[in-house]
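To start, the structure under review is shown below, and the notes come after it.
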Amino acid sequence: MGLRGEAAIVGIAEWKPERRPTAPPMFTLEQWAQLTREALDDAGIDPSEVDGICATNIRESDSFVPSTITEYLGMQVNFAEVVDLGGASCAAMVWRAAAAIELGLCNVVVIAAPSWPSPRPPNPPSGPSSWRYGASSANYGSPQAEFDIPYGNVAQNCGYAQIAMKYGAEYGFDPVALAKIAVDQRVSANHNPAAVFHHVPITVEDVLNSPMIADPIHMLEIVMPCVGGAAIVVAGKDVARRSKHRPAWISGFGERVLHKTPTYAEDLLSTALIPAADQAFTMAGRSREEVDLISVYDCYTITVLMTIEDAGFCPRGEGQPFVREHDLSFRGDFPCNTHGGQLGFGQAGLAGGMSHITEGARQVMRRGEDHQVPDADVAFITGNGGLMSEQVALILEGD
């Protein structure tokens, strides 16, 4: 059961993340068009060959999203999917595209994550419907609006702080080990010209001396939002073999959705990644020891720590000594987020989650340039939505 590894990522488009936009806003549809063109050009595939798309929500339409996109692009497709799993959306779209290709529904699928600022209407609506609480919903009838938001359990910082506190109560808390995750990833960012923090090295002391945002999480342990955009092309084996680059074959996946907020979690430390990772490795027929690098969602350092454990690279509760004993940079013995991660590369909206996919694919394609992992053939990738509650795992392989 599962994928046969007959679909691959063959093209990549990724705009350099920026802390402040230097170009005018673009409608989401405009971003879709530009990213699609760049990704297809990178793969060496003509737009006429595209017969599938995977998308997330767009600003220009609350419904009929696929047809709105295909109409704008001038394309007709056999497969159209909309995914809404937060930071796990892009990884979820990858395996759906691969499955559709292997089922014979389509042969070339574009997946885009537009994340550049969009033009705003001259008179935007006001009131409760326009409030923003991160992943928390203030909409009428929402359990969060009734039971969470009024009591301050809002958005991500406090939720991940709760998870970190619970982890510390169960296994002890080593601030240096958590800070080292940010430091090692920043080393990789310092070798990636596209990273927001390319020219800004940090030390463990820098991390621990940065402001405490939500105890025990410091500012430099939290992802920094920025702007950007990304897209990939997934293609069947015949197209992949004639594309410009070494294909990154999609050989395994797993997906698990548990809840939306920690309020309703049965166990804060039992994440959705555990079954998702097991399924991905089983489907791909790979062991953890065969992985050459991991590219895992890193909105917070505690997210990376728990991902390393829950994906099975070390036992539960032993992640902190594991991090201390290994070099997580691109040149280390356990390469993790070799582009710098979102902590060092930048979190450009949904394109932040996509960056883990583009980086894993680049490494397998041997296109990592100054931060290339030698002989990278197997990459483990994750997407994380909500608060460790929506998880997708992927395995990418070279020939």
Side-chain angles (χ1 to χ4, degrees), residues 85-88 131-139 142-182 185 207-225 256-277 296-311 314-323 337 341-343 347 352-353 382-392:
L85 289 177
W131 293 353
R132 293 293 181 267
Y133 294 97
S136 302
S137 172
N139 291 349
S142 161
Q144 293 175 309
E146 185 172 359
F147 301 112
D148 292 299
I149 293 173
Y151 304 99
N153 187 13
V154 178
Q156 281 74 255
N157 283 347
C158 67
Y160 278 96
Q162 291 176 51
I163 292 172
M165 281 288 193
K166 175 67 172 177
Y167 186 95
E170 292 285 333
Y171 304 112
F173 197 82
D174 182 356
V176 172
L178 272 295
K180 183 177 179 294
I181 292 172
Q185 292 190 184
V207 176
L208 299 181
N209 289 331
S210 66
M212 184 72 75
I213 301 301
D215 193 14
I217 300 175
H218 298 82
M219 183 180 72
L220 291 180
E221 296 178 278
I222 302 174
V223 72
M224 184 195 70
R256 183 84 159 187
V257 178
L258 299 181
H259 53 81
K260 186 175 183 182
T261 62
T263 305
Y264 308 101
E266 293 184 9
D267 181 354
L268 287 176
L269 301 185
S270 181
T271 78
L273 183 61
I274 298 171
V296 299
Y297 204 90
D298 63 325
C299 46
Y300 299 81
T301 53
I302 186 65
T303 311
V304 178
L305 180 75
M306 292 181 64
T307 297
I308 290 172
E309 294 183 356
D310 291 353
C314 72
R316 173 67 65 85
E318 296 184 16
Q320 293 173 122
F322 181 91
V323 167
N337 292 334
Q342 295 179 84
L343 291 168
Q347 185 190 55
T382 69
N384 166 47
L387 288 95
M388 303 297 288
S389 50
E390 301 168 315
Q391 296 275 2
V392 175

Kindly determine whether Leu387 and Gln162 satisfy side chain to side chain contact (heavy atoms under 4.5 Å, CB included), including the steps that lead there. CA-CA 10 Å; Leu387 288 95; Gln162 291 176 51; over 6 Å; no
Does Val304 form a side chain to side chain contact (heavy atoms under 4.5 Å, CB included) with Gln185? I'd like the steps, not just the answer. CA-CA 11 Å; Val304 178; Gln185 292 190 184; 3.9 Å; yes
With side chain to side chain donor-acceptor pair (under 3.5 Å) as the criterion, how do Tyr264 and Gln144 come out once you've worked through the C-alpha distance, each side chain's angles and the decisive distance to 0.1 Å? CA-CA 10 Å; Tyr264 308 101; Gln144 293 175 309; over 6 Å; no
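For the side chain to side chain contact (heavy atoms under 4.5 Å, CB included) test, residues two or more places apart in sequence or in another chain that qualify with Val257 are Leu85, Glu390. Applying the ring pair (Phe, Tyr, Trp, His ring centres under 6.0 Å) rule to Phe173 yields no partners; only residues at least two apart in sequence or on another chain are considered. Every residue two or more places apart in sequence or in another chain that forms a side chain to side chain contact (heavy atoms under 4.5 Å, CB included) with Ala214 is listed here: Asn157, Ala161.
Nearest heavy-atom pair, Asp148 versus Thr263, reported as atom, atom and distance to 0.1 Å: OD1-OG1, 2.6 Å. Nearest heavy-atom pair across Cys158 and Gly152 is SG-O, 4.0 Å. Closest approach of Val223 and Pro225 over heavy atoms only: O-CD, 3.6 Å. Taking every heavy atom of both residues into account, Pro262 and Gly159 meet most closely at CG-CA, 4.1 Å. The shortest non-hydrogen separation linking Glu221 to Val207 is CG-CG1, 3.6 Å. Nearest heavy atom pair, residue Ala272 against residue Leu258, reads N-CD1, 3.6 Å.
Interatomic distance, OG1 of Thr303 versus OH of Tyr297, reported as 8.5 Å (0.5 Å rounding). Atom CZ of Phe147 sits about 11.5 Å away from atom OG1 of Thr261, to the nearest 0.5 Å. For the atom pair OH (Tyr167) and CD (Glu309), the distance works out to 3.5 Å, reported to the nearest 0.5 Å. Residue Ile181 holds its CD1 atom at 9.0 Å from CG of Leu343, rounded to the nearest 0.5 Å. Rounded to the nearest 0.5 angstrom, Lys180 NZ and Leu208 CG are separated by 13.5 Å. A distance of 6.0 Å separates CD of Gln391 from OG1 of Thr382, quoted to the nearest 0.5 Å.
Looking at Thr301, its side chain never comes within 3.5 Å of a backbone N or O of Ala179 through a donor-acceptor pair. Of the possible polar contacts, one joining the Asp298 side chain to the Gln342 backbone as a donor-acceptor pair under 3.5 Å is found. Side-chain N or O atoms of Gln320 include one that pairs as donor or acceptor with a backbone N or O of Gly172 at under 3.5 Å. In this structure, Asn337 contributes its side chain and Val296 its backbone to a donor-acceptor pair below 3.5 Å. Lys166 places no side-chain N or O within donor-acceptor distance of the main-chain N or O of Leu269, the cut-off being under 3.5 Å. Using modelled atom types, no side-chain atom of Ser137 and backbone atom of Ser142 make a donor-acceptor pair closer than 3.5 Å.
Here the side chains of Tyr300 and Ile163 are not in contact, with every heavy-atom distance at 4.5 Å or above. Asn384 is not listed as a side-chain neighbour of Met306, based on a closest heavy-atom distance of 4.5 Å or more.
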